[in-house]
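The structure appears below as structure tokens.
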Protein chains: 2
Amino acid sequence: MADGRNSGTIGGENLLFLTDEQLRQGIEAMFFAYRGFTADPDRILADLAYGRAHHRAVHFINRAPGTTVNNLLNILGVTKQSLNRVLRTLIADGLVESRVGKTDKRERHLHLTDDGRALESRLSDAQRARMRSAFRDAGPDAVAGFRTVLEAMMDNEMQRAYTRLKESGS
Amino acid sequence: MADGRNSGTIGGENLLFLTDEQLRQGIEAMFFAYRGFTADPDRILADLAYGRAHHRAVHFINRAPGTTVNNLLNILGVTKQSLNRVLRTLIADGLVESRVGKTDKRERHLHLTDDGRALESRLSDAQRARMRSAFRDAGPDAVAGFRTVLEAMMDNEMQRAYTRLKESGS
DNA sequence: AGTTTATGTCAGCCTTGTTGACATTCCAAG
DNA sequence: CTTGGAATGTCAACAAGGCTGACATAAACT
């Protein structure tokens, strides 16, 4: 595995797509593509004194309105202190509303305000535009493969979060 | 574009894979998968008081031994000051060697030491293991699609950097 | 009543981005 | 040959956003 070689062809099946060189290209593609993936929203956010952390919060609050802080924590995979700092500024700036839970008053349910939704749209339009262009260039079969590989790359926990969101889709 | 709808079917071609919902799933898949992508090396690095930035530097120095600081800067897309801090610790810890350029003494050419190569192997074995497992689960066609979409998602500049590295592959 | 759970806050640390200032080296125009 | 600008790299200081730990509060559960 650390011998710098590859898996070659085994058992009559062609596994040349699993050589170390192929894997390294996949790793580097992932690295560069992720930069492209975040570049457009980052540019918008920089003007607003917000960062990627704010984008993520706004995205998932929009995706699951009324979600609790704890729920968001699990999706984002950060500490509550870290998330709280971001939420505090978003609430102070009037982009997010925090409502005390009806049945369980310890919980805070998070919603975007109109301003919050406006920002979310701006950010996600920019990000979708690039994704759309990439998808269109690549074609439907490539897109299906793209999604298959990404899903296989997630941890089980993330896969569950992802699937839950996917199935709640409009 | 901000109307919450999709591209539907246009001109007789099926473009259902370009709906806003599909794009959003692609965006979220990218987000969760990237976490998986970095999770294994991050765990190793945490024990060593290094971060992701050190991993990236070590990866690309290994990939292109003798590269200059400036060259690395372009690949990584950070400021030279930021890279320099990382390089300084790597050099101090004896993982990277910085050699003054022969023809141009302003340049520093970067090489991994044996220890540096050992760390690189550990990190990249972990990352490749996950990538290999994802590739194998997904199959060669999905992998091809994965790469096609990622390449289409890069900026032109990154695409050039990526292609240059790819073509210099062993 | 006592324990657990959900949330928020304060303080302080680390990594890794940023800008600004500066030193060294090279090269080319005068 | 000198001098000024460009290229390259280093040092200092700051900000964002991760992290841990400690603690307060309120509600829910037993």
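Worth saying up front: this structure is predicted, and the values here are computed from it rather than measured.
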Practice item. Round to the nearest Å and state the distance from B:L83 atom CG to C:dT19 atom P. Key: 15 Å
Exercise for review: By nearest nucleotide on DNA chain D, pick out whichever of B:I91 and A:V78 is the more 5' one.
Suggested key: B:I91
Check your understanding: Is it true that B:E21 and A:K166 make a salt bridge, defined as a side-chain N closer than 4.0 Å to a carboxylate O?
Key -> no
Check your understanding: Taking atom types as modelled and ignoring hydrogens, do the side chains of B:R164 and B:Q159 form a donor-acceptor contact shorter than 3.5 angstrom?
Key -> no
**Study point:** Side-chain donor/acceptor contact of B:R85 with base of C:dG17 under 3.5 Å
**Key:** yes
Check your understanding: Counting side-chain heavy atoms from C-beta on, which of C:dG17, D:dC19, D:dT8 comes nearest to B:A53?
Key -> C:dG17
Check your understanding: Looking at D:dG18, C:dT19, D:dT8, which one has an atom nearest to any side-chain atom of B:R106?
Key -> D:dT8
Check your understanding: Rounded to the Å, how far apart are B:K105 NZ and D:dA6 P?
Key -> 23 Å
Exercise for review: Look at the side-chain N and O atoms of A:H54 and state whether any lies under 4.0 Å from the OP1 or OP2 oxygen of D:dA16.
Suggested key: no
Study note, to complete from the structure: Nearest-nucleotide check on DNA chain D, B:R88 vs A:R56; residue mapping nearer the 5' end is B:R88
Review point. How close or far is atom P of C:dT18 from atom CG of B:L76, stated in whole angstroms?
Key: 11 Å
Practice item. Under 4.0 Å between any heavy atoms, over every strand shown, what does B:S98 touch: base, sugar-phosphate, or nothing? Just pick one. Key: nothing
Point to revise | Nearest to side-chain heavy atoms of A:Q81, which nucleotide of C:dT7, D:dG9, D:dC19 | key: D:dC19
**Study point:** Between D:dA24 (P) and A:N84 (CG): distance, integer Å
**Key:** 17 Å
Review point. Do B:S121 and B:D125 have a side chain donor and acceptor closer than 3.5 Å?
Key: no
Check your understanding: What integer distance in Å separates A:K102:NZ from D:dA28:P?
Key -> 14 Å
Check your understanding: At under 4.0 Å between heavy atoms, what does A:G77 touch on the DNA or RNA strands: base, sugar-phosphate, or nothing?
Key -> sugar-phosphate
Point to revise | Atom pair distance, as rounded to whole Å: CZ in B:R108 and C1' in C:dA23 | key: 11 Å
Study note, to complete from the structure: Here the distance between atom C1' of C:dA6 and atom CG of A:L72, to the nearest Å, is 14 Å
Check your understanding: Rounding to a whole Å, what distance do you find between B:H55:NE2 and C:dT15:P?
Key -> 17 Å
Review point. When you check the phosphate oxygens OP1 and OP2 of C:dT18, does a side-chain N or O of B:T79 lie under 4.0 Å from one of them?
Key: yes
**Study point:** Test: A:R63 and B:E28 ion pair at under 4.0 Å
**Key:** yes
Review point. Do B:F37 and B:F32 have ring centres separated by under 6.0 Å?
Key: no
Review point. Hey, does the side chain of A:N70 come within less than 4.0 Å of C:dT7's phosphate (OP1/OP2), counting only N and O?
Key: yes
